[in-house]
Amino acid sequence: MKIFKKFIALTLLLSTILSGIGGGVKAQAAEEKSLKIVASYSIIADMVKNIVGEHGEVYSLVPIGTDPHSYEPLPGDAQEVSEADLVFYNGFNLETGKGWFDDLLDVTDKKDVAFAVTEEVEPMHLTAEGKENEQDPHAWLDVQNGIKYVDLIAEKIIEADPEHKEEYLKNKEAYTKELEDLDQYAKDEIAKIPEDQRILVTSEGAFKYFSKAYGFEAAYIWEINTDNQGTPDQMKRILDIINERDVKALFVETSINPKTMETVSQETGIPVKSKIFTDSLANEGEEGDTYITMIKWNVDHIVSGILETE
């Protein structure tokens, strides 16, 4: 990691020299975009875009479809962070657990403008032995937590650019209304599933917040993607749960290799009904390419996947 930090520092020095050569172009770009904002991954980036609108440009460090738990940053990421007015990240061990994000902030000296969007969220914790004190990062899958993310994002954007406060507040009000409607939609749709069938089986244990908010029991093969995946003990445990609870449908996350869940399906005869989103949006132009549409996709496919087996 020390080698990485030295490499990033050299990259930033070279970029600074080159930026002096092309300073006129950068000055023009700065006039066009009043804020430059970095988000640690695509879901937060989408939220930021809904608030900042035309008054800023937003860069997501972790590319779409990539697992933020174990991301390895590129030199270009450090350059983006070094030029940022604001940096938003999830926290709860999502980025900070592996150290890559802390190193980026250290090298770029941007800790003072970096904010965890989970600041007002009540954390849930991991349950595996030895990890009981570690926070589960996947709070955004409960839309009410997503609203808390948006509140903090709007607050910090307004502090950084008070000139456009009224517009940011207007954007926040409109977006929050959409999220409140989405939250109610999820509750109404999930109510169609009989309570004894509300068990959600996924690869990673990312759906604790979702399950608590919307009335599911969360079951999974491994608890978090930084764990060993598909070990004999994990497989025995999930197979026992499936058999004991008469599970009708399995689901696999878009940012995870499906092979382990496919093995579970083969062992039990229970179909993998759909891919669902956790740590990343879909590619632009595809279903699930915004926070709202990814949550709606999850709700629709979980509900239809379980009810189709009735």
Side-chain angles (χ1 to χ4, degrees), residues 39-47 60-71 89-98 101 117-118 121 123-128 131 134-146 149 179 182-183 186 190 199-214 216-227 229-230 234 238 249-262 264 272-283 286-303 305-306:
S40 59
Y41 64 112
S42 59
I43 294 166
I44 294 176
D46 180 62
M47 294 176 175
S60 176
L61 291 172
V62 180
I64 285 173
T66 302
D67 182 1
H69 296 273
S70 55
Y71 180 62
Y89 64 101
N90 190 76
F92 286 1
N93 297 313
L94 182 69
E95 309 91 347
T96 53
K98 297 291 285 186
F101 186 74
V117 294
T118 52
V121 174
M124 298 183 74
H125 291 82
L126 303 183
T127 60
K131 294 189 175 184
E134 294 185 23
Q135 295 158 327
D136 186 312
H138 305 94
W140 63 88
L141 292 172
D142 173 355
V143 178
Q144 287 298 323
N145 286 336
Y149 284 26
L179 295 179
L182 176 66
D183 183 57
I190 290 166
I199 180 165
L200 180 58
V201 181
T202 58
S203 299
E204 184 190 16
F207 282 83
K208 295 190 192 76
Y209 293 92
F210 179 92
S211 295
K212 182 179 179 181
Y214 303 113
F216 280 96
E217 177 185 340
Y220 45 84
I221 304 173
W222 59 86
E223 189 163 30
I224 194 164
N225 282 345
T226 50
D227 289 345
Q229 300 179 6
Q234 291 170 349
I238 195 63
L250 309 175
F251 300 90
V252 64
E253 302 89 314
T254 58
S255 55
I256 288 176
N257 189 318
K259 288 185 178 179
T260 307
M261 187 58 80
E262 289 169 354
V264 172
V272 177
K273 297 298 290 189
S274 178
K275 289 188 174 183
I276 52 178
F277 295 98
T278 50
D279 300 325
S280 173
L281 302 178
N283 289 314
E286 298 178 358
E287 288 191 75
D289 65 353
T290 69
Y291 176 59
I292 288 175
T293 58
M294 71 162 268
I295 295 292
K296 187 175 185 302
W297 169 283
N298 285 356
V299 170
D300 290 346
H301 286 76
I302 290 168
V303 171
I306 292 175

- Message: To the nearest 0.5 Å, what is the distance between OH on Y41 and OH on Y71?
- Response: 15.0 Å
- Query: Taking it one step at a time, do Y214 and L200 satisfy side-chain contact (heavy atoms from CB on, under 4.5 Å)?
  - Reply: CA-CA 11 Å; Y214 303 113; L200 180 58; over 6 Å; no
- Message: Consider side-chain hydrogen bond (donor to acceptor under 3.5 Å, both in side chains). Of N298, T293, D300, which one does K296 pass it with?
- Response: D300
- Check against side-chain contact (heavy atoms from CB on, under 4.5 Å), W140 and I44: CA-CA 9 Å; W140 63 88; I44 294 176; over 6 Å; no
- Query: Taking the six-membered ring for Trp, are the ring centroids of Y89 and F101 within less than 6.0 Å of each other?
  - Reply: yes
- Item | Minimum side-chain heavy-atom gap V121-F92 below 4.5 Å | yes
- Message: What I'd like to find out is whether the side chain of Y291 reaches to under 4.5 Å of the side chain of L179, using heavy atoms alone.
- Response: yes
- Item | Minimum-distance pair of heavy atoms, taken over all atoms of A186 and V299 | CB-CG2, 3.7 Å
- Note on the structure: D46 meets the side chain to side chain donor-acceptor pair (under 3.5 Å) criterion, sequence neighbours left out, with none
- Message: Using a 3.5 Å distance criterion without hydrogens, assess whether the side chain of E253 forms a donor-acceptor pair with backbone atoms of E204.
- Response: yes
- Taking the side chain as C-beta and beyond, is there a heavy-atom pair between I306 and F251 under 4.5 Å? yes
- Query: About how many Å separate CG of D183 and CG of D142, when rounded to the nearest 0.5 Å?
  - Reply: 6.5 Å
- Hey, could you give me the OG1/NE2 distance between T118 and H138, rounded to the nearest 0.5 Å? 12.5 Å
- Task: Examine distances only and state if a side-chain atom of S42 and a backbone atom of L281 form a donor-acceptor pair shorter than 3.5 Å.
- Result: yes
- Taking the side chain as C-beta and beyond, is there a heavy-atom pair between W222 and I256 under 4.5 Å? yes
- Task: Taking all non-hydrogen atoms of both residues into account, name the closest pair between P137 and N90 and its distance.
- Result: O-ND2, 3.0 Å
- Message: Quick check for you: to the nearest 0.5 Å, what is the distance between Y209 atom OH and D136 atom CG?
- Response: 5.0 Å
- Message: Would you compute the distance between atom OG1 of T127 and atom OH of Y220 and round it to the nearest 0.5 angstrom?
- Response: 3.5 Å
- In terms of side-chain heavy atoms, does S40 have a donor or acceptor partner in E95 at a distance below 3.5 Å? yes
- Rounded to the nearest 0.5 Å, the NZ atom of K273 sits from the CD1 atom of I302 at a distance of 13.5 Å
- Is the count of non-hydrogen atoms from other residues, nucleotides or ligands lying under 6.0 Å from Q144 atom CD greater than 12? yes
- Message: Assess the residue pair E223 and K208 against the criterion (side-chain contact (heavy atoms from CB on, under 4.5 Å)); give the C-alpha distance rounded to whole Å, side-chain angles, the decisive distance to 0.1 Å, and a yes or no.
- Response: CA-CA 10 Å; E223 189 163 30; K208 295 190 192 76; 3.1 Å; yes
- Query: Parallel, tilted or perpendicular: which describes the rings of F207 and F210, with under 30° parallel and over 60° perpendicular?
  - Reply: perpendicular
- W297 side chain near T254 side chain, heavy-atom distance below 4.5 Å: no
- Side chains of F277 and I43: closer than 4.5 Å at any heavy-atom pair? no
- Task: Could you tell me which non-hydrogen atom of M261 sits nearest to which non-hydrogen atom of V272, and how far apart they are?
- Result: CG-CG2, 3.9 Å
- Looking at side-chain heavy atoms only, is the closest gap between L141 and M294 below 4.5 Å? yes
- Message: Just so I know, are the side chains of S203 and V264 near enough to count as touching, which here means a heavy-atom distance under 4.5 Å?
- Response: no
- Query: Is a donor on one side and an acceptor on the other found under 3.5 Å between the side chain of D279 and the backbone of S255?
  - Reply: no
